[in-house]
Amino acid sequence: MLSTTARPLIEATVPVLLANGEAITRHFYARMFGHHPELKNLFNMGNQASGNQAQALAGAVYAFAKHMDKPEIIGPVLDRIAHKHVSLGITPAQYTIVGRHLMASLGEVLGAAITPEIAAAWDEVYWLMATELVAREARLYQERDWQAGQSWPVMDVAHKEVTSADTVALTLKPRDGAALPDFVPGQYLSVALPIPEAGLTQVRQYSLSDAPGKDAWRITVKRVAEGDAAPAGAVSSRIHGDIEVGDQIRVGPPAGDFRLQGDTRPVALISAGVGITPMVSMLRHLTATQPARPVLFAYATAAADRYPHRDEVEACVEALKDARYHLWLEEAGADPQALPGRMSLDAVELPTDGDFYLCGPLPFMQEQRRKLLDQGVSRDRIHYEVFGPDLFAELQ
């Protein structure tokens, strides 16, 4: 709990730090990487270039400061961060490095505005958050029989399949034939690949796109094209262009708080673009284990050739005893299954007592979540996954 002397200082300075949050965290990353260049291997340098990572860090620290006494608000955010940290192998010692450079950046960016008393109050906030995260991460590591900072196992690429115009699926098997740790449909896997031109190893998270309980893991990867604010995806480009059957890839433990709930309530799987990948895992698992459970599968994408795993999805929908299927294509053409344009749930009959799962671009999830809330769906029945830094916290 925040001390009584620190609380008024935090409440008074939150607006100032929020206004300068991106400048502070950009300065922080430059400072930390200057002293610890090896940590670049843990961070998505594409997100560094776009500013998304700086925005995410600022948002997390200030959201914690604002809501630390409201576990119903801050708890899900901390869980999401803890899962991401476990997927990266973050260690408790790295919190000390981050804290030292973050506090130094506060003073160096804001100067005399940060008095010793204000600096001490924010240091207290940081360590309250860090201590909570370390505890949550320790539990997650223990559940996985995994040690923070341990070497990641090497997996063989057993199969590579083109699944749409811009996605490929890799099937990964352990080199020693050992049994794979279990995962829950919806979770993701971290993949580490060397990027020679950058002199770095980069880690990305990709949703597991097949049902659990098999002797292999499958991930489905979209090629990230160069955009106005970010370079082309270094890891996705490497997977598409260079990785072949027989190659080896290092992977971390399955993680993620976006998970299929294990009961009998109806399920609504709502996704767009490559956000379909965790939904495929959920759908295949439901088909194999709960074929009578009511399922709504709603998906939107640009065109039919950008629909990953379509044959699998439609086979599962056909096999389920109580499934409804809705497809939107921006370029529908003559596709008999599809509605033209972007997804609209207005005319879709939604389950009144179901769990709703959202995955796709952030604006898509924001729009669908608002519509679900407007239709009376309880917040705790809406689950979502975010690729990249979590910029979704304002909707909590």
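Numbering of residues begins at 1 and proceeds along the displayed sequence.
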Quiz item: Going through the checks in order, is the side chain to side chain contact (heavy atoms under 4.5 Å, CB included) test met by Ile270 and Phe364?
Solution: CA-CA 10 Å; Ile270 302 169; Phe364 167 84; 4.0 Å; yes
Quiz prompt | Verdict with reasoning, Leu128 to Phe64, per side chain to side chain contact (heavy atoms under 4.5 Å, CB included) | solution = CA-CA 9 Å; Leu128 283 172; Phe64 182 83; 3.9 Å; yes
Going by an N to O cut-off under 4.0 Å, is there a salt bridge joining [X] and [Y]?
X      : Y      : result
Glu367 : Arg342 : no
Asp257 : Arg80  : yes
Asp247 : Arg238 : no
Glu143 : Arg139 : no

[Y] and [X], any side-chain heavy atoms less than 4.5 Å apart:
X      : Y      : value
Lys70  : Ile74  : no
Val235 : Val221 : no
Gln368 : Leu345 : yes
Ile243 : Val168 : no
Tyr29  : Met32  : yes
Leu180 : Leu172 : no
Ser164 : Asp166 : yes
Ser105 : Arg26  : no

Does [X] have more than 12 heavy atoms from other residues, nucleotides or ligands lying within 6.0 Å of its [atom1]?
X      : atom1 : result
Glu349 : CD    : no
Asp145 : CG    : no
Gln142 : CD    : no
Lys173 : NZ    : no
Glu11  : CD    : yes
Glu318 : CD    : no

With a 3.5 Å distance limit and no angle check, can you tell me whether [X] reaches the backbone of [Y] through a side-chain donor-acceptor pair?
X      : Y      : answer
Gln205 : Val191 : no
Ser237 : Ala234 : no
Gln261 : Arg259 : yes
His27  : Val109 : no
Thr115 : Ile118 : yes
Lys160 : Ile239 : yes

Quiz item: Among Asp263, Asp380, Val377, which one satisfies side chain to side chain contact (heavy atoms under 4.5 Å, CB included) with Asp355?
Solution: Asp263
So how far is it from [X] [atom1] to [Y] [atom2], rounded to the nearest 0.5 Å?
X      : Y      : atom1 : atom2 : value
Lys40  : Thr201 : NZ    : OG1   : 13.5 Å
Cys316 : Arg284 : SG    : CZ    : 5.5 Å
Asp210 : Thr277 : CG    : OG1   : 12.0 Å
Lys371 : Met343 : NZ    : CE    : 9.5 Å
Leu283 : Glu314 : CG    : CD    : 10.5 Å
Gln147 : Thr91  : CD    : OG1   : 12.0 Å

[X] versus [Y], closest heavy-atom pair with distance:
X      : Y      : value
Thr220 : Ser209 : OG1-OG, 2.8 Å
Ala255 : Arg144 : CA-NH2, 3.8 Å
Glu331 : Ala303 : OE1-CB, 3.7 Å
Ala304 : Arg310 : CB-NH1, 4.1 Å
Ala82  : Leu133 : N-CD2, 4.1 Å
Ala216 : Thr171 : CB-CG2, 3.6 Å

Quiz item: Going by side-chain heavy atoms closer than 4.5 Å, which hydrophobic residues are tied to Tyr188, directly or by a chain of links?
Solution: none
Exercise. Would you check if there is a donor-acceptor pair between the side chains of Tyr95 and Glu137 at a distance under 3.5 Å?
Key: yes
Quiz item: Under 3.5 Å, is there a donor-acceptor pair linking the side chains of Trp152 and Ser190?
Solution: no
Just say parallel, tilted or perpendicular for the rings of [X] and [Y], cut-offs at 30° and 60°.
X      : Y      : answer
His101 : His35  : tilted
Tyr299 : Tyr307 : tilted
Tyr325 : Phe297 : tilted

Exercise. For side chain to side chain donor-acceptor pair (under 3.5 Å), just list the numbers for Gln248 and Asp156, CA-CA rounded to whole Å, side-chain angles, deciding distance to a tenth of an Å, and then say yes or no.
Key: CA-CA 5 Å; Gln248 285 83 45; Asp156 288 322; 3.1 Å; yes
Exercise. Any pair with a residue in residues 5-25 that passes ring pair (Phe, Tyr, Trp, His ring centres under 6.0 Å), sequence neighbours left out, goes on the list, sorted by first then second residue, please.
Key: none
Please table the atom pairs, donor to acceptor, closer than 3.5 Å between any side-chain atom in residues 1-9 and protein atoms at least two apart or in another chain.
{"from": "Ser3", "atom 1": "OG", "to": "Thr5", "atom 2": "OG1", "distance (Å)": "3.3"}
{"from": "Ser3", "atom 1": "OG", "to": "Ala6", "atom 2": "N", "distance (Å)": "3.2"}
{"from": "Ser3", "atom 1": "OG", "to": "Glu124", "atom 2": "OE1", "distance (Å)": "3.0"}
{"from": "Ser3", "atom 1": "OG", "to": "Glu124", "atom 2": "OE2", "distance (Å)": "3.1"}
{"from": "Arg7", "atom 1": "NH1", "to": "Asp69", "atom 2": "OD2", "distance (Å)": "2.9"}
{"from": "Arg7", "atom 1": "NH2", "to": "Asp69", "atom 2": "OD2", "distance (Å)": "3.2"}

Quiz item: Is there a chain of hydrophobic side chains (I, L, V, M, F, W, Y, each step under 4.5 Å between heavy atoms) that links Leu373 to Leu269?
Solution: no
Quiz item: After noting the C-alpha distance and the side-chain angles of Trp122 and Thr13, does the key distance pass the side chain to side chain contact (heavy atoms under 4.5 Å, CB included) rule?
Solution: CA-CA 9 Å; Trp122 278 100; Thr13 55; 2.9 Å; yes
